[in-house]
Structures are given as C-alpha cells and as structure tokens.
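What follows is one structure encoded as structure tokens, with my remarks underneath.
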Number of protein chains: 2
Amino acid sequence: MSSKPSKRAATCYDVARRAGVSQSSVSRSFRPGCVISPKMRDRVLSAAAELGYHPNALAQSLTTRRSNLVAILISTVTNRTYPEMLSALTDRLSQHGMRALLFTSESNLVPADALEQIWRFKVDGAIAIARLSDEQVLQFNDHGVPLVLYNRISDIGTVGSVCCDSVRGEGLLVDGLLAAGHRRFGVIAGLEHSHVGDERLRATLDRLDAAGLPAIAVKRGGYDYASGREAFDALLAEAGQLDAVVCANDLMAIGAIDAAREQGLNVPGDLSVVGFDGVGPAEWASYRLSTIRQPVERMVNSAVTMLLDRVEDPDQPAERRLFMGEFIRGASARL
Amino acid sequence: MSSKPSKRAATCYDVARRAGVSQSSVSRSFRPGCVISPKMRDRVLSAAAELGYHPNALAQSLTTRRSNLVAILISTVTNRTYPEMLSALTDRLSQHGMRALLFTSESNLVPADALEQIWRFKVDGAIAIARLSDEQVLQFNDHGVPLVLYNRISDIGTVGSVCCDSVRGEGLLVDGLLAAGHRRFGVIAGLEHSHVGDERLRATLDRLDAAGLPAIAVKRGGYDYASGREAFDALLAEAGQLDAVVCANDLMAIGAIDAAREQGLNVPGDLSVVGFDGVGPAEWASYRLSTIRQPVERMVNSAVTMLLDRVEDPDQPAERRLFMGEFIRGASARL
DNA sequence: CTGTTAGCGCTTTCAC
DNA sequence: GTGAAAGCGCTAACAG
C-alpha cells in the first residue's frame, strides 16, 4: 500500500498493459458518461488501483481544451475584510468540478504578471474581487476568458457581474436614520476608484440630499479598522457634533465606534454608526452593528453559475445581477 | 489590439511560422537561461506579441514534469479566523514562480476528493493548514508530493512543518498571569484532535500544574467568537469566580471578553483574559487583547522555502521549524 | 462495446 | 546557435 519505489507515476498505458486492454479503454473507464461495459471498467479500475493510477488532469486539459481551472483574483485587503467570500467561492467551484487558481494582490490593483499567468494556465474562466482596469478587462475578452466581477461592474467588454445593491442598501440605512430623527450626518467613504466605495458614497449622499439634509462632512478610508478610526477623528474635528456616521463598510464602522467611544461618546446614545457588509465581527456584542448583510452564499452561487454558463456558451450576453442585502437592525444606531 | 476573431489561441508553431524560424527556437526564446541569439529572440518575441501568444503552462508541465502548482489546503474556519495567512502564502508562492491551487474544506478534515484532485493535477507540492489524517499524510508520501504542515505536525512520513511555539507562547502568558498574582484559572481550549488545540491546552495545564495552581475548569470551543462566549459562560457556571481565562485563540478570547462584560465583569479589573494568534481584531480598542502574535510573514516564508527545497530535492530529511511568537501585553489582562 | 490512429502544445535529445 | 524528430499522458475520431 505504501512505499512505492518512487518511480514515475503510472500512466494510462501502464494500466492498460496491466489490465490487458487498450489504452483508450482505460481512458473511457475514467470518463463519466462513456460507453463501456461494467466488466471492462472493473478490470481497468482494479488495475488502476493496484498501480495507484490517477488520470493526469494537465494532459486531459491539453486535449479537451478545458482546464477546469478558474482564476480567482482577490486583493489582500478584501480577503482580510471579507474572508467568508473565498471559502464559499472555492467550495462552490469545486462542487461544479472546477479548481480555484488563486491570485492575490497586495495593492488594490491586479498586477500584470498575474494576468500573464492566467493566460498561460489556460483557465476556463475568472472571477475578480479586485480592481481591474478597463484595459485589463478587455484583455480577458481578447483572450477569450470569461470573466465575472464580484461587487464591481465594468462597461467594457462582455463581463458578467454580481453585486450587492448599494443604492437600496444605503437607502434602507439612511431612511432608517432619517426616520429616527438624525439630522447631522457624517460619512466615512471607501477608496476612490473603488466601485463599492463610489457607489455607496453616492447612494448615501444622494439620499441625504433628497431629504434636504446634505452630509456635513465626508472622509475616506481604506476599508480597514485603522482607517475607520482615523476617518472618524477627522470627521469629528471637521464637523463638530454629529448625529450619525454612515460608513462604507463594517470594519471602518467598527473603527469609528471605537474611536467615538474613546472620545467619550455613547453609541448609539450620542451618535449612531452604520456599516455595510454584515461580516462576522459586526455581530459581536461590543458592536452589534446596524448594517446591511450581503447574501454571500447566494451571490457566490450566482457568480459561479454565471461564469460556468459563459464557459459553456461564450456568446451569452453579459449580465448583471443585483442582490438585495439584508437589513440588520443591530444596536449601533438609534433606529 | 482587441477583438480577435476568437479563433484558437496561437501556439508556438504559429509563432514559428510567422517569425520564419523553427518551433524549437520559439520555445527557447521563452525559456530563461537558454542559448539563443538576441536577434532570434527579438524576432520571435515580436511575432509572439503580434499573435498574442502565451506559452501553454499545461503543455509545459506535461513535458517538464513540473506543474509549478502548489496545493493549499485550508479549512474554512481557519481562513475566517486567520485570513492574513492565505494572502501571505499565495503572495510568497508567486514570488517563487508557483501558483496556488486552493482547496477549502468546510469540515475541519480534508475531504478525500480534494486529495484526488491534488493527485490529478500533479502539483509540485502542498501546504496544509487543515487537519490531515495519518493515512492522508502517508498518501502524500506515496504519491511523491512534498508536504509542509502549517501549525501542525505529523510523525508519519517525511513531512516538513512550520509551527508557532505553543509551549513557550502559553508559557509567557501563564507566567505573566502568575507573576501578577492570578490564582484561579479557567481555560478555553480548542477542538480535540486539533494540533494547536491540544498543544496549547497541554502547555497551559502543565504550566499551571507546575506552579501548583491547576486549572479550575476547562471548556472546549470551535475557535470562533460564538464558541468562546459559550465556553466562557459554561466556565463561569462551573467554576464560579475566576482570576484569569486562558483561551486557545484570539477569537474565542474576544468572545469570552464580551461574555464576561455581559455578566458585569470588568476585564481586566475583575478578570484577565488572554488569547493566542495576534490576529487583526485582537488589537481593536474594545479588546486590546493580551496575546501571542504569530510571526506570519516569517512562518509563511519558511513554509514556502522548505517546500520548494523539497520539491528540488525530494530526499531532503523532514524538518520541523518552530517560531517564537511575540508577546503582546495588550490590556485584557492584569500583567 | 473495443481498439487504432492522430494529434493537443510543448521540451528534449541529437544532429548540423 | 539552430532545426528535426520523438515523446509527455491523454482524448477524439474512426473502424470494426
């Protein structure tokens, strides 16, 4: 069972010889939905087991032109901020017989050499949870690699995308705050050129404008705890007293809450803070964040299905799916 | 530049024809450290650029017997608990020209079909941050796939491992607590059969025994926030008053702190809580956890280097590297 | 249902 | 320094 002489791995020819059949029969025995007699398959399978044979997926890819590989592009900050994503995604992909080739980028932008590797590995498709330039998106088109964007969109090329509705999400939050009597609003936005950042900011500002209560001050952060704190302090310095702070994501909201408390403010007594995402820590008793929870499972399913559809039929039109987040009342805002 | 007729991707033959050279010259032009005249290379490279040619990594793997693929096995809970790991790992691997093939497992154990895929894709090596049975570890040996374990060890087969020293880490924490006068200790341990869980628990209990102050009560949790809370409540119910609670990881410590506060206890005034890992939230102002921070960067570097060494020379002896964590005083314990 | 024959896109000898 | 030929492990027609 163990300690093989460490020779080269068995090939389908070895198995064929051992089983006394043709090499194609070996191939067929391992391919689902292939015409083959049970007897033959048994013979092959037991010979294969004896030799410890496993079909070479790389060689298969070469002939079938299907690598069963999907590139996942994710920025470090996103993975740290939102770890539930990756697992769900990988899990889902493997349920569809696809493997995840992971590319992380320290910076928010995807480096060119990651793309080069993607072309080289002939992935069947890609899912991006990181910032792609227009030119990069176009490259996916040129290379014939179906691409699905997660929580971001693109007007360039034929890209699918799956997003959580920022407009309606922020709408729920802001309306709730307005209805509860908040008047002086501050905003902690995300990074510039970040889809989610821009959209959530705009949605918030628009809603406030529509209510005749424009935001008193806006600061930007980098989606992490520390930048939430800094942004909050800057906000307070600029605006003085505030009733509510609308944050582009949960981690910054948490940072803002901690910063507020250090200033002696009671949340939500003196100040309401709302976030966005519904990540794990948002539920912790110290924060009980009022936020919008993204339907991760459903969004991931959708992204994977959409991608695989386009792998099967590359001519499918681009599609954008928008998911409504769940309003979590929490306890960080007077609602 | 864009909108190719979506024909088949260019091969090295296409490039050769276009450049009017032999196909081997194309191959050589793309392989570093190959004897070739600059003139030839230029010709080839520009023909390649015109055709949008990218060497097929899968075909390369077939002939070179090197896939440049490294399997990463990680459990969902670990990724959520400790997201800094994966990014660092993938990053490091790519710096060495390796790609990460990601496998996540919902359960703590690695499913058999993940291993099957690993064999099929002929990965050059694997890094496991998930629980592997002895038998599974042996399989890596049999298949000639170098394996490095992260924060876990195995006596089976020739496996390398990189760990953060639990014994010394817990030693620092417990000694600190003892020196500060804590006498009644509770412990929130990790899962059974989890290397880190077992080791940290034993280290803690041994240290307490040695001091003549055995733990009053021990509960187990699942490394997440919720189980930390539950374990804390159970602990209190069983032990009554405690001076200190030693938790197997940060997330459970955070859960314990929140639970304690809900019971009206002041942390660290009435009760000290310590964790282990030094993950992001541990630093948050609401917790300021006293903990041991794992040197993630160094550990990851080490794991990658160790793995690649064994890829180059499979006969290298197994090696275990133990890293000392950094003692973070924090403010969740009277120290 | 099974075997035969060509490739898939590349690297690797080995001549030249 | 360059080219020709063989082969990596497999699938995909096509006969039979």
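In this structure, H143(A) and H54(B) have tilted ring planes: the angle between them lies in the 30° to 60° band.
At least one side-chain nitrogen or oxygen of Q60(B) sits closer than 4.0 Å to the OP1 or OP2 atom of dT11(C). Residue S27(A) has a polar side-chain atom (N or O) positioned under 4.0 Å from OP1 or OP2 of dT11(D). Taking side-chain N and O atoms only, S25(A) has a distance below 4.0 Å to OP1 or OP2 of dG3(C). In this structure, S37(B) reaches the dT2(D) phosphate: one of its side-chain N or O atoms is under 4.0 Å from OP1 or OP2.
Annotation: Y53(A) is not in aromatic contact with W119(B) [ring centroid separation under 6.0 Å not met].
The local environment of CD in E116(A) is crowded, with over 12 non-hydrogen atoms from other residues, nucleotides or ligands closer than 6.0 Å. By the 6.0 Å contact criterion, CZ on R80(A) is open, its count of non-hydrogen atoms from other residues, nucleotides or ligands being 12 or less.
One atom, NZ of K39(A), and another, C1' of dT2(C), lie 13 Å apart when rounded to the nearest Å. Taking atom CG of L58(B) as the reference point, atom P of dC10(C) lies 11 Å away to the nearest angstrom. Rounded to an integer number of Å, the gap from CZ of R66(A) to P of dC10(D) is 19 Å. dG9(C) atom P lies 11 Å from atom CZ of R17(B), rounded to whole Å. Here dA12(D) presents its C1' atom at 11 Å from CZ of R65(A), a figure rounded to the nearest Å. One atom, CZ of F30(A), and another, P of dC10(D), lie 9 Å apart when rounded to the nearest Å. Separating the CD atom of Q23(A) from the C1' atom of dA12(D) is a distance of 11 Å, rounded to the nearest angstrom. Note: CG (D14(B)) to C1' (dC8(C)) measures 13 Å, nearest angstrom.
Listed nucleotides: dG1(D), dA12(D), dC8(C). Nearest to the side chain of L62(A): dC8(C). Proximity note for T64(B) (side chain, C-beta onward) versus dT2(C), dT11(C), dC10(C): the nearest is dT11(C). Side-chain proximity of S24(A) to dG9(D), dT4(C), dC8(C): nearest is dT4(C). The nucleotide whose nearest atom lies closest to any side-chain atom of Y13(A) is, among dG9(C), dA5(D), dC10(D), dC10(D). You'll find that the side chain of T63(A) is closest to dG9(D), out of dG9(D), dG3(C), dG1(D). When distances are taken from the side chain of S22(A) to each of dG3(C), dT2(D), dG9(C), the shortest belongs to dG3(C).
Between K122(B) and I36(B), the residue whose closest nucleotide on DNA chain D is further toward the 5' end is I36(B). Where Y53(B) and R28(B) each meet DNA chain C at their nearest nucleotide, the meeting point lying more 5' is that of Y53(B).
Results of the side-chain contact (heavy atoms from CB on, under 4.5 Å) test with L147(A) over I118(A), I127(A), L307(A), L132(A) single out L132(A) as the only residue that passes.
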